[in-house]
Amino acid sequence: ITIHPLRNYLDTAYVGNITIGTPPQEFRVVFDTGSANLWVPCITCTSPACYTHKTFNPQNSSSFREVGSPITIFYGSGIIQGFLGSDTVRIGNLVSPEQSFGLSLEEYGFDSLPFDGILGLAFPAMGIEDTIPIFDNLWSHGAFSEPVFAFYLNTNKPEGSVVMFGGVDHRYYKGELNWIPVSQTSHWQISMNNISMNGTVTACSCGCEALVDTGTSLIYGPTKLVTNIHKLMNARLENSEYVVSCDAVKTLPPVIFNINGIDYPLRPQAYIIKIQNNCRSVFQGGTENSSLNTWILGDIFLRQYFSVFDRKNRRIGLAPAV
Amino acid sequence: CIVILPLKKMKTLRETLREKNLLNNFLEEQAYRLSKNDSK
């Protein structure tokens, strides 16, 4: 059982459409670099979450094949249980034939979320045994000129964000891509040198690991170190959220992630979210529960930096997003 | 060729729950449910 990174679906927000089956049945999914399985609700799912989501009906697909093995997938904030099937899956004009995917019969923690299922883009080691993740299936069928995918997550507008497969469109970033080797091929995991504010290293002083995870919204780190960062922000814990004075946005320094010798600053406008009349920090603790000395760079970071995931060279490219 | 798929930034559940003042009990119930499932 692989526990997928902490996923704060409360704020997960970037969703795209895929179809499964013949004729195609459409679903809204999160394209998630923090997991490697594709699953959607089955029409026979009995959980409340399935009543508010689209469900897959195997009877209505002539290309569906029931594999049958039971599956359980654990996420930081939810669990699904169901069984494996296989069918034709389409992402835009990419066609993944005989694609294995999960059909959920029970879901916990996915109630009233703005997506039906999850499409995992992590390495096969994270996937359910004897299944091929969709990116690998497409790659093996020669669907890509370059086995890469990339994300541009728009900060303000609901539209405008994209995930791209098979190459990189340079319109979405500024300057050059900085390439970072993947340190471990299951998550999209990289090594970080340190995290600093105002020229002082505040965390990860002896180096640490970071998961680049589009399925997590905020930024997670070890609770103790996140608490240090919150002290520097004068943040206070209120109803399980770290509240900051909204005026602080004007005076706080950027939080700088040094990765592979390059600084990636996050401005206070990016790490303090204003909703209604209060401002809260995007930093959350808790990663020590799943792996020591590990951070999770979620959408908040990936909105500032266009990200390229290069499977052939096992590296991640980052550049300031336009 | 590059396949570019639009992603839609959805209104987040947290914002919806906060607007309805339901965020706190949602988090408490969520924590309870997950802990119950952990034991299961």
Side-chain angles (χ1 to χ4, degrees), chain A residues 8-18 28 30-31 74 76-79 91-94 108-109 111-115 138 143-146 148-169 172 214 217 239-241 273 275-276 278 280 299 303, chain B:
Chain A
N8 184 344
Y9 59 81
L10 274 171
D11 303 274
T12 294
Y14 294 91
V15 173
N17 291 336
I18 63 167
R28 295 169 309 172
V30 171
F31 287 82
F74 291 79
S77 305
I79 303 168
I91 306 175
N93 56 14
L94 293 172
Y108 307 98
D111 306 57
S112 46
L113 285 178
F115 54 87
L138 286 164
F144 306 129
S145 35
E146 278 300 310
V148 301
F149 59 91
F151 282 88
Y152 169 75
L153 301 182
N154 193 298
T155 302
N156 306 309
K157 295 177 295 203
E159 313 299 335
S161 301
V162 297
V163 57
M164 57 192 80
F165 294 90
V168 176
D169 184 331
Y172 290 97
T214 56
S217 284
N239 301 331
S240 76
E241 294 183 298
I273 294 184
I275 297 178
Q276 290 157 356
N278 78 339
R280 68 186 170 92
D299 295 347
R303 285 177 189 151
Chain B
C1 66
I2 302 177
V3 172
I4 297 185
L5 195 82
L7 294 177
K8 192 167 164 34
K9 186 173 182 297
M10 314 291 276
K11 186 182 182 100
T12 67
L13 184 59
R14 186 191 293 275
E15 288 161 346
T16 310
L17 289 169
R18 181 189 273 110
E19 279 163 10
K20 297 173 181 170
N21 281 324
L22 295 173
L23 182 59
N24 268 351
N25 27 2
F26 179 87
L27 290 172
E28 280 153 23
E29 197 220 328
Q30 191 60 31
Y32 166 71
R33 221 186 307 175
L34 274 180
S35 62
K36 202 175 72 173
N37 275 296
D38 274 355
S39 54
K40 185 177 162 188

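- For Val148(A), no part lies near chain B; criterion is any non-hydrogen pair under 4.5 Å.
- The candidate from Ser161(A), Ser145(A), Gly16(A), Gly160(A) with the greatest count of non-hydrogen atom pairs under 4.5 Å with chain B is Ser161(A).
- Smallest separation of non-hydrogen atoms from Asp169(A) and Ile2(B): N-CD1, 3.9 Å.
- Between the CD1 atom in Ile91(A) and the CG atom in Leu5(B) there is a gap of 7.5 Å [rounded to 0.5 Å].
- For the side-chain contact (heavy atoms from CB on, under 4.5 Å) test with Leu7(B), the passing option among Val162(A), Val163(A), Val15(A) is Val163(A); the others fail.
- With a threshold of 4.5 angstrom between heavy atoms, Leu153(A) approaches chain B through side-chain atoms but not through N, CA, C or O.
- Only the side chain of Phe151(A) has a heavy atom closer than 4.5 Å to any heavy atom of chain B.
- With a 4.5 angstrom heavy-atom cutoff, Phe31(A) touches chain B only via side-chain atoms.
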